Enquirer: 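What follows is a single structure, and I will ask about it in a moment.
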Amino acid sequence: MNTFLDVVIIFSIIVLAFAMLGMVYRMLKGPTLHDKIVALDAFGILLMAMIALIAMSLQTTYLLVVVLLIGILAFIATIAFAKFLEKGVIIQYDRDSDE
């Protein structure tokens with residue numbers, strides 16, 4: 001890689017690290033549970049971006065599978081938290097109820 005791209009990637013990793021610290025603070029001190037869940041989702045996106053930047057700096061494509069796995073897990077976790085906030089349970093065993 002050229003020098004300019006290396007500098008941009010390193011600067012982007014530093015900015016993402018500070019953004020991740022902000023998301024960790026919001027996950028711990030969020031005023032409501034909704035804020036904590038949104039911060040957790042944003043943290044997953046920032047983690048995916050960080051791993052993609054590290055893959056670019058290492059010039060490898062093997063870490064892109066990790067990015068996809070984190071994306072899938074973050075999506076499933078967001079759906080589970082949303083269902084928990086809406087109904088109070090994640091898995092319902094009574095399939096005939098309307099609630």
Side-chain angles (χ1 to χ4, degrees):
M1 271 196 231
N2 57 17
T3 310
F4 178 71
L5 189 58
D6 290 335
V7 171
V8 169
I9 289 175
I10 291 172
F11 178 74
S12 300
I13 288 174
I14 292 170
V15 169
L16 284 176
F18 282 119
M20 288 173 87
L21 284 175
M23 290 301 119
V24 168
Y25 175 76
R26 183 53 53 199
M27 279 189 285
L28 296 176
K29 295 291 217 176
T32 65
L33 185 60
H34 301 290
D35 293 329
K36 292 179 181 184
I37 292 172
V38 169
L40 183 65
D41 193 34
F43 185 81
I45 293 170
L46 291 173
L47 184 64
M48 289 171 29
M50 179 82 74
I51 293 172
L53 286 172
I54 291 171
M56 287 175 61
S57 68
L58 295 176
Q59 296 179 352
T60 184
T61 59
Y62 295 115
L63 291 176
L64 297 179
V65 176
V66 176
V67 171
L68 290 173
L69 286 174
I70 291 173
I72 291 168
L73 289 175
F75 175 74
I76 292 172
T78 303
I79 297 299
F81 280 131
K83 188 171 180 183
F84 176 74
L85 287 176
E86 180 184 354
K87 297 185 178 183
V89 295
I90 296 174
I91 300 174
Q92 291 180 342
Y93 294 107
D94 186 19
R95 295 182 187 261
D96 296 329
S97 71
D98 292 334
E99 298 177 21

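These numbers come from a predicted model, not from an experiment. Residue indices begin at 1 and follow the sequence shown.
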Enquirer: Using a 4.5 Å cut-off between side-chain heavy atoms of Ile, Leu, Val, Met, Phe, Trp and Tyr, which other residues end up in the same hydrophobic cluster as Leu69?
Expert: Val65

Enquirer: Please identify which of these residues, Val67, Leu73, Val66, meets the side chain to side chain contact (heavy atoms under 4.5 Å, CB included) condition with Ile70.
Expert: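 Output: one option passes, namely Val66.
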
Enquirer: Cluster question for you: counting only ILVMFWY and a side-chain heavy-atom cut-off of under 4.5 Å, with indirect links fine, are Leu16 and Leu58 together?
Expert: yes

Enquirer: If two hydrophobic side chains count as joined below 4.5 Å and joins carry through other members, does Phe81 share a cluster with Val24?
Expert: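 Yes; Val24 is reachable from Phe81 via cluster members.
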
Enquirer: Sequence neighbours excluded and cut-off under 3.5 Å, please list the side-chain donor-acceptor pairs for residues 25-54, or say none.
Expert:
| residue | atom | partner | partner atom | Å |
| --- | --- | --- | --- | --- |
| Thr32 | OG1 | Asp35 | N | 3.3 |
| Thr32 | OG1 | Asp35 | OD2 | 3.2 |
| Asp41 | OD1 | Thr78 | OG1 | 3.1 |

Enquirer: Taking the hydrophobic residues Ile, Leu, Val, Met, Phe, Trp and Tyr, and joining any pair whose side-chain heavy atoms are under 4.5 Å apart, which ones share a cluster with Val15?
Expert: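 Hydrophobic cluster check, Val15: joined to Phe11.
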
